[in-house]
Every structure is written in C-alpha cells, then in structure tokens.
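Worksheet for the structure shown next.
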Amino acid sequence: MEKIKISFPDGLVKEYDKFTTLSDIAQSISPSLRKKSVAGYVNDVLYDINRKLVNDSFIKLITVDDEEAFEILNHSTAHLLAHAVKRLYPEALFWVGPVVEEGFYYDIDLGGVSITENDLLIIEREMQKIIKENIRIERVELSKKAALEFFENDPYKLDLIENLDENEIITIYKQKDFTDLCRGPHLFSTGQIKAFKLLKVAGAYFKGDAKNKMLQRIYGISFFKKEELDNHLYVLEEAKKRDHRKLGKELDLFMISEYGPGFPFWLPNGMILRKQLEDFWYKVHTKEGYQFIQTPIMLSKELWEISGHWYNYRENMYTSEIDDYDFAIKPMSCPGGLLVYKHSLHSYKDLPLRVGELGLVHRHEASGALAGLFRVRNFTQDDAHIFLRDDQMVDEIANLIQLFEYFYSVFDLKFHIELSTRPVDKYIGTIEIWDKAEKTLADACKKIDKAYIINEGDGAFYGPKLDFKLRDSLGRIWQCGTIQLDMNLPERFDLTYIDSDGEKKRPIMLHRAIFGSLERFIGIITEHYAGAFPLWLAPRQVDIIPVNNEYHLEYAKEIKEILMENNIRIDLDDREEKIGYKIRESQIKKVPYSLVLGDKEKENHEVTYRHYGKQESHTISLNEFIKLLNEEIKNKGQ
RNA sequence: GCCGACUUAGCUCAAUUGGUAGAGCAACUGACUUGUAAUCAGUAGGUUACGGGUUCAAUUCCUGUAGUCGGCACCA
C-alpha cells in the first residue's frame, strides 16, 4: 500500500496508508480522540472526518471542544431540519441554512403553507426520528454542469450554483432521501446530533432584499451535550426575565400607550433615572469644558434643505405646516446647533468649541421596527458638536474616546470600537479628504492604544465615524456612542472662525453622543442590572419599615426626615402589615436598602438595614448609615 | 413596511366540541398589632383591543382596523 506522510500541530510526522481518513488517524492515536473528533483541517482546508487523504498533509483535528465543532454541528443540524421539513412538506424548496452566532437557521419556501410555533414541535419530532435512523452523511463532488443537472428542478439551488465559479468543484451532501448543496464539512451521521431545539419561526426576505418575496425562516440551536442545551435555554429564560419592557412595567419606569406607538411616557420612577443620568452627563461634560444649548424641536423646511436632510432623509422626518410654510420636526439637533455657531463670531482661540445639547429628536421608524425603549420614534440624544482646527483633531478625538471609556465603565458596560469608512457611492467630498479623515480617527485610537475594527463602507455620507458598540445582557450589540467627523455641514452652512492671521477659516466639526439615546440607554441598563439599579440610580433608595406603627412610627418618621434632608430617596411603609410582607415588597421592587426600625433601634438611635438580594441584616448608627449611603452614591457603585 | 403569532379585570393567567366570563395578586372595607420574602374575612372591579359578519346564541368561527411580540427589511 502506498504511504503518505501526515504531520501534526505538535511537529510529529507519521506515515499512514494512502486513502486513510482523519477518523483513522484519530483512532490510531486513541479511540477516545476518534470519538471526540468531528472534522479537521487538512493543509488548512476543512475536511469531513471520513474524507480520504491522498497526499502528504498537515492535519489538525477538530474535536467537540473546538469552536469550529459547534459550527459543524449546527450546520449539520440545519440540514437535519431541512431533511425533516422535506419529509413533512414534500413541496418545500430550500434557500440557505447557515450557522449563526446563536445556532443556525434555514430559509424555506413552502409555497402557500405557513409554519407556526406549534409546527416546530412536529418538525422536531421528525428530526428526532432521522437522528434515530442514524443516517450516514455523504459528501459527493460534482462539476458545475452536473450540479446544475442534479438540481434542475430547484430554482433556489440553481440560483446558488449559477453564482459559483465555472471550475469550482461543487459538493453536495447526501443523507438518504435528502440531499443539499453544501461546502461542508458535516458530521459523519445524523446520529451524532444529540441536543437541539428549534427556537422560532419568522419571515425573511429572499436574499435579504425587501423587494423580493418572503421565505419562512426557522431558527434553532444544537449542542453536543444536553446540559449545554439546557443551560442555553436557561440563559434565554433568564434574559426574558430581564427584558426592560417587563421590568419597566414591574418597576413603573415607563409606559407606551397604543395612542402613541414608539413614543414612550416616563413615569415618576423612570423620571428619577433620567434625571440622574442627565445630571451625571451635565456634570462630566461641564468638567470637560462643554457649554450647553437647547435648540427648537421644529424648524423651517428651508433649514433642512440647507442641511441636506430634506433631500436625503425626508421619509424619516415628521412634517407640519405653519402659516402655509413647511416645517419639519428635528430628526437631529445639528442644524439648530450650527445656527447657534453662526450666531456669533469665533476666534481660533475659542477652539475647540464644545457645545452640548440633550435634544429631543423625532424619527419616523417603521412600525415593525419598534421595540420597547430600544427602538422608538422620539428620543433624547446626548448630542454635542465640537468645532475645531485640523491640528486639534487627534488630541480631541483621543480625549473623547477616553471620556467614553470612563462613562461606560461607570455602568460596568463592555464595548468595542468600529471605524466606519467611506460608503462606496453615496458620499460627498474628495477621496483624499476621506482618506485623511479616516486616518485621523485611526490615529486617535492608536494614540491611546485603543483597538478598533474597520467597518468598511459604513460611514455616514458626510464623513467617517467611530462607533461604540455595547454588549447588553441578551448578548445583543447596541450602538450607543458615536464620534462622527463631518466634512459636509461646515461647508453647507459656511461656518468660519478668524484665524491668528486674521483670515476667515473653515472649522472642522465633530458630532458625538455617548448614551446615543437616553431612552435606549435606560433600556440597556435596565436589562444589564436586571432592574436592580445601583444606589445612585435607584428610583427608591431606602424603604423604612417600622416594626409596630403604634410604637415605632414616630421614630420612623424622624429617620425619614433626616434621610430626606440628606437627599436620600425614601419610602416609609406605614401600612398595617407584617414585616415579612413589607420586606418582600421592598425586595420585589428591588430597593437597595430596607430599614427595619423597632425598640432596639429607637433606643440607641440606630437603624437595621438589609441590602437588596441579601439575607443578613446589620445594625448601625444612623450617622454611619448616612455615611455609607453617601459613599456608595458618590462612588456610583464602583 | 413585510411574514407569522398574539390581544380576556390595574397585573399574571383560566374558560371543555359556540351556550352572554373565573382565579391569584393588587385596590377598597373590617378584624389582627406584628422583628426580616405573602395574616384572615369581606367588597368592588369586564362593551373579552376596536369595528363588521355568520348563528337562536360568539371570548370562541369568518373578516377589517389598531396595538403588542418574534424575525426580516430599515436604523441619516
């Protein structure tokens, strides 16, 4: 038998028979390794575990512990799903079934039939049957011509094949009565799929284009171990419990009326949150040398024509008429901010000029896009416009990034930075200016050693930007902060400053926001903290619970007075209820401190507190307690 | 906007094959006088999202509208 040389990651080289497989090689090392292996890299190309090796190769096995294994498993589970759907709905046609971060999905055309959540159980059962049948999954290579013939009755697969290279070797994967076009690799057999769950069914446009017809998409996830699946489902349940829409209702933070879809109402508790965030924002920005303005919600159409919004983004703007003139409600605060800049003359000595505005903006969002506070039709942007000279840019942006970092650290939120570059066609200005602007943003990151990833072509039409992406408790990424370099508006509005040589010069403009939207940010931190806000944010900071109203209410009122004088947000529960009842309610409302006051406390002018989520109680003097609260508020729970 | 599901008391949910709605919590009243996650009893609370239709009879079936939810598209 002809031999081939196989080399391993640890440098070892061994000889094997030609046509050996990764499975054989794994077996030769140890039977347990064979069991754990699902595929492998052969000279950096992914191979199925049973694909025959014909040349000397460098191999790296992929075992169930590797990230790639999760992808292969989920990919094979997507095929299993399609297989089951094909058995239950013989007319079904399949588009693509890729692996995504949260498992896999498959886009299916079922003609007139529509699948509901209940059908998912039936499909799952069919999938289980196919697993039991333990069907071998076979890889077959075809020429493009042969592939076109094979799928001649499947318009979706033909579409895919036609877009493949003429000389490319096309592979299909066959599992008994089901065959799918696929690059692979796949598991060895359907029996290797152990723990999966179909999660949701939804519509999805063919090729992601709203002009195309809608296919049905089934989402699922697959794991090698049942415990992993159970854990995943548990996490999903937990995430549901933290949903800010649910917590917002339970904690009376906000409401959204059917009379105003996408227009949130702030309830007293939510207002306290907002106020704290706003105060914090003003405090930090004042220290950073910002000034503040407020510009009108509604301005003449002519202004929006100058800014370009009227032509570019009119569909998202609400409009109205005043005395026969068209007006628009602002979707952004910048045009108003520019009018303020033009209101007075500026010297080069004034730059950078930092002007902040918590501005309420309105944007028409599609009805299907609305979601709690995460996607609304009016929201408060923590906007600021910075007017500066070319030579000030890198420093200013670097400082900004550090400011953003501090801000997010206060909320213990992780983030990463993306640099969005020039869009392919919809952009203004010259490529030279764009390149320079992009380099400026990159240099600022480098200056303070901040990593960033490039988001090719995702810049605004008027300039590149740095986007700050936060990760929320559901693992979703939300863009909050943004630093945008604007090469458009200063020109359009003819902004100038008087330089040291007495000449008028054009300033450069930065738009930036840290919260992004105050509303959405509150939604994010509500989920992040699971509603148990740190003391400085908590709508109600301390609950006072007298043991017996008859004997302790006076003392409780006295304590309440003193705490209120210390600016503590407090509630005295003087209802005729048992302590347990009141403690329970205090905990359900996630109030940071519950104070129980009885004989013992009254006698020594003390308080007994219990921290949210903790069982034990502590008795200390009132003064110590106030000190403790003030410290905690000052440190913002850091 | 598109596909699908859903909408019952303030909240969370029930209501067999179509027979004009129930519970727990909350609220209110009363009793109990309480030391760390629900004291007991009573009272009140509904045009079953809204409109139209089928039927002797609709929370239930059909249909239109709105809203919500899950995705898709969108997100300057």
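If you're wondering where the values come from, they're calculated on a predicted model, not measured in any experiment. Residue numbers start from 1 in every chain, and the chains themselves are labelled A, B, ... in the order their sequence lines are given, proteins ahead of strands.
- Taken from CZ in A:F374 to CG in A:D243, the straight-line distance is 7.5 Å, to the nearest 0.5 Å.
- Residue A:L370 contributes atom CG, which lies 10 Å from atom C1' of B:G67 at whole-angstrom precision.
- Between A:R584 and B:U39 there is no side-chain polar atom (N or O) within less than 4.0 angstrom of OP1 or OP2.
- For the pair A:K578 and B:U39, the criterion of a side-chain N or O lying under 4.0 Å from OP1 or OP2 is not met.
- Each of A:D107, A:L198, A:L199 was scored for a side-chain contact (heavy atoms from CB on, under 4.5 Å) with A:I218, with one residue passing: A:L198.
- The gap from the P atom of B:C2 to that of B:U65 amounts to 10 Å, rounded to the nearest Å.
- Distance CG (A:L120) to P (B:G4): 15 Å, rounded to an integer number of Å.
- In this model, the phosphate group of B:A37 is approached by a side-chain N or O of A:R610 to a distance below 4.0 Å at OP1 or OP2.
- Between A:R575 and B:A27 there is a side-chain polar atom (N or O) within less than 4.0 angstrom of OP1 or OP2.
- Put simply, A:S367 has a side-chain N or O that comes within less than 4.0 Å of OP1 or OP2 on B:G1.
- Residue A:Y581 places its side chain closer to B:U39 than to any other of B:U34, B:U39, B:G35.
- Between A:K249 and B:U12 there is a side-chain polar atom (N or O) within less than 4.0 angstrom of OP1 or OP2.
- Nucleic acid contact for A:A460: sugar-phosphate only, since backbone atoms but no base atoms lie under 4.0 Å from a heavy atom of the residue.
- When distances run from any side-chain atom of A:E258 to the nucleotides B:A66, B:A73, B:U36, the shortest one goes to B:A66.
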